2 protein chains.
Amino acid sequence: MGATKEQLFTDHQTRLAAYAKALAHPARIAILQQLSKLDSCVCGDLVTDIGLAQATVSQHLKELKKAGLIQGTIEGVRVCYCINPEALTLLKKELNLLFDSLQSCASDECC
Amino acid sequence: MGATKEQLFTDHQTRLAAYAKALAHPARIAILQQLSKLDSCVCGDLVTDIGLAQATVSQHLKELKKAGLIQGTIEGVRVCYCINPEALTLLKKELNLLFDSLQSCASDECC
DNA sequence: AATATTTATCGCAATATTACGATTAATTTG
DNA sequence: CAAATTAATCGTAATATTGCGATAAATATT
């Protein structure tokens with residue numbers, strides 16, 4: 001089928017999975033890191049920095065936007081992309097929730 | 001194409017993306033959380049807990065194993081799956097590296 | 001107005017993911 | 001040994017992802 005059965009999972013599980021999906025490609029991690037440098041928060045610069053075709057980078061940006069991790073504001077011909085700090089905070093929170101729930105096992109000898 | 005151009009990215013970016021990919025499905029997060037409960041660390045139990053078909057759960061377990069996040073030991077007919085604490089520690093480390101590198105932007109006003 | 005620049009989108013191809021029924025392989029129980 | 005249990009694998013179908021060239025849409029420059 002290829003489509004997730006969402007009704008089986010909690011909101012936390014679904015949200016975290018969505019964030020993880022956004023991070024599940026090295027190009028998108030590279031983009032986030034580039035954007036955090038602030039002086040290159042424009043798609044064209046990202047293209048040369050990252051080494052993928054313009055269309056491909058644009059697609060990765062779209063994914064990151066969909067996850068809410070970045071936002072873009074149009075500045076003339078260009079678009080200024082930047083990281084959404086709120087989303088980053090939320091991501092950290094969801095990750096902490098996960099790690100907390102996995103805590104018990106990490107401390108014990110399971111197998 | 002559908003295959004990542006790995007040579008463009010750093011080891012950190014590739015490793016983190018691989019971990020994120022493993023977490024990029026709510027079923028796999030659910031599995032990790034179930035496994036951390038320790039008393040249900042067997043595929044059969046996971047199937048009833050999670051509500052997906054046995055083949056599907058087995059496939060998700062395979063993904064988690066591939067990422068190194070879990071390990072399975074055969075116990076007779078059954079398999080005892082459990083979380084790999086070392087991998088969890090590594091994952092946390094890679095995530096911290098990411099968040100550190102994104103720090104500058106989160107504090108400033110980007111857009 | 002014509003040209004250049006920049007980014008999004010379209011269309012396509014290759015591959016990957018998700019899901020499940022059926023089957024297989026292994027072990028355990030009767 | 002036969003039947004039952006358990007988990008992996010196979011085969012298949014539907015859908016998603018990745019990548020890129022080409023094109024479109026918008027703004028800027030000449």
Side-chain angles (χ1 to χ4, degrees), chain A residues 1-9 13-14 17-31 34-35 40-67 70-82 111, chain B residues 1-9 13-14 17-31 34-35 40-67 70-82 111:
Chain A
M1 304 213 170
T4 297
K5 291 198 167 181
E6 291 192 23
Q7 72 281 5
L8 293 174
F9 308 107
Q13 288 164 344
T14 304
Y19 277 133
K21 204 170 176 178
L23 298 179
H25 196 291
R28 291 197 285 271
I29 293 176
I31 287 173
Q34 277 292 328
L35 288 185
S40 67
C41 60
V42 171
C43 184
D45 298 352
L46 287 170
V47 169
T48 48
D49 288 340
I50 287 169
L52 291 170
Q54 183 265 322
T56 308
V57 172
S58 191
Q59 213 164 2
H60 281 305
L61 287 168
K62 196 177 172 185
E63 285 298 305
L64 288 169
K65 235 190 303 182
K66 199 179 79 182
I70 64 171
Q71 54 205 159
T73 44
I74 298 167
E75 303 212 338
V77 198
R78 311 178 137 232
V79 177
C80 175
Y81 279 109
C82 66
C111 290
Chain B
M1 301 208 171
T4 298
K5 289 196 166 182
E6 292 192 25
Q7 72 280 7
L8 294 174
F9 309 106
Q13 288 164 345
T14 304
Y19 276 134
K21 204 169 175 178
L23 298 180
H25 196 291
R28 292 197 285 271
I29 293 178
I31 288 172
Q34 278 291 328
L35 289 184
S40 66
C41 62
V42 171
C43 185
D45 298 350
L46 288 171
V47 169
T48 49
D49 288 339
I50 287 168
L52 291 171
Q54 184 265 321
T56 308
V57 173
S58 193
Q59 215 165 359
H60 282 303
L61 287 167
K62 197 178 172 185
E63 285 299 305
L64 288 168
K65 234 190 303 183
K66 199 179 81 184
I70 64 171
Q71 54 205 157
T73 44
I74 298 167
E75 302 213 339
V77 198
R78 311 179 137 233
V79 177
C80 174
Y81 278 108
C82 66
C111 290

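Keep in mind that what you see is a predicted model, and the values were worked out from it rather than measured. Atoms considered below: every heavy atom in the structure, side chains included; atoms not considered: hydrogens, waters and symmetry mates. Naming: A, B, ... by sequence-line order, numbering from 1 per chain.
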Rounded distance in Å - [atom1] ([X]) to [atom2] ([N]):
{"X": "B:Arg28", "N": "C:dA16", "atom1": "CZ", "atom2": "P", "answer": "15 Å"}
{"X": "A:Leu52", "N": "C:dA8", "atom1": "CG", "atom2": "P", "answer": "15 Å"}
{"X": "A:Lys66", "N": "C:dA8", "atom1": "NZ", "atom2": "P", "answer": "16 Å"}
{"X": "B:Ile74", "N": "C:dT27", "atom1": "CD1", "atom2": "P", "answer": "8 Å"}
{"X": "A:Leu46", "N": "C:dT5", "atom1": "CG", "atom2": "C1'", "answer": "16 Å"}
{"X": "A:Glu75", "N": "D:dT27", "atom1": "CD", "atom2": "P", "answer": "14 Å"}
{"X": "A:Ile50", "N": "D:dT18", "atom1": "CD1", "atom2": "C1'", "answer": "14 Å"}

Side-chain atoms of A:Lys21 come closest, of D:dT17, D:dT18, C:dG21, to D:dT17

Tabulate protein N/O versus nucleotide N/O from nucleotides 4-9 of chain D, keeping only pairs under 3.5 Å, one per line.
{"from": "D:dT6", "atom 1": "OP1", "to": "B:Arg78", "atom 2": "NH2", "distance (Å)": "3.2"}
{"from": "D:dA7", "atom 1": "OP1", "to": "B:Cys43", "atom 2": "N", "distance (Å)": "3.3"}
{"from": "D:dA7", "atom 1": "OP2", "to": "B:Gly44", "atom 2": "N", "distance (Å)": "2.6"}
{"from": "D:dA8", "atom 1": "OP1", "to": "B:Tyr81", "atom 2": "OH", "distance (Å)": "2.1"}
{"from": "D:dA8", "atom 1": "OP2", "to": "B:Ser58", "atom 2": "OG", "distance (Å)": "2.7"}
{"from": "D:dA8", "atom 1": "N7", "to": "B:Gln54", "atom 2": "NE2", "distance (Å)": "2.8"}
{"from": "D:dA8", "atom 1": "N6", "to": "B:Gln54", "atom 2": "OE1", "distance (Å)": "2.8"}

Does the side chain of A:His25 get closer than 4.0 angstrom to OP1 or OP2 of D:dG19 through an N or O atom?
-> yes

Ignoring backbone atoms, test whether B:His60 places a side-chain nitrogen or oxygen under 4.0 Å from the OP1 or OP2 oxygen of C:dT17.
-> no

Minimal non-hydrogen separation, A:Gln34 against A:Asp49, with atom names | OE1-OD2, 2.9 Å

Is the shortest heavy-atom distance from the side chain of B:Leu35 to the side chain of B:Leu46 under 4.5 Å?
-> yes

Check: A:Leu61 and A:Val79 side chains under 4.5 Å, non-hydrogen atoms | no

Ignoring hydrogens and angles, tell me if any N or O in the side chain of A:Arg28 forms a donor-acceptor pair with the backbone of B:Ala17 under 3.5 Å.
-> no

Measuring from B:His60:NE2 to B:Leu52:CG, what's the distance to the nearest 0.5 Å?
-> 5.5 Å

Mutual orientation of the aromatic rings belonging to B:Phe9 and A:His25 [parallel < 30°, tilted 30-60°, perpendicular > 60°] | perpendicular

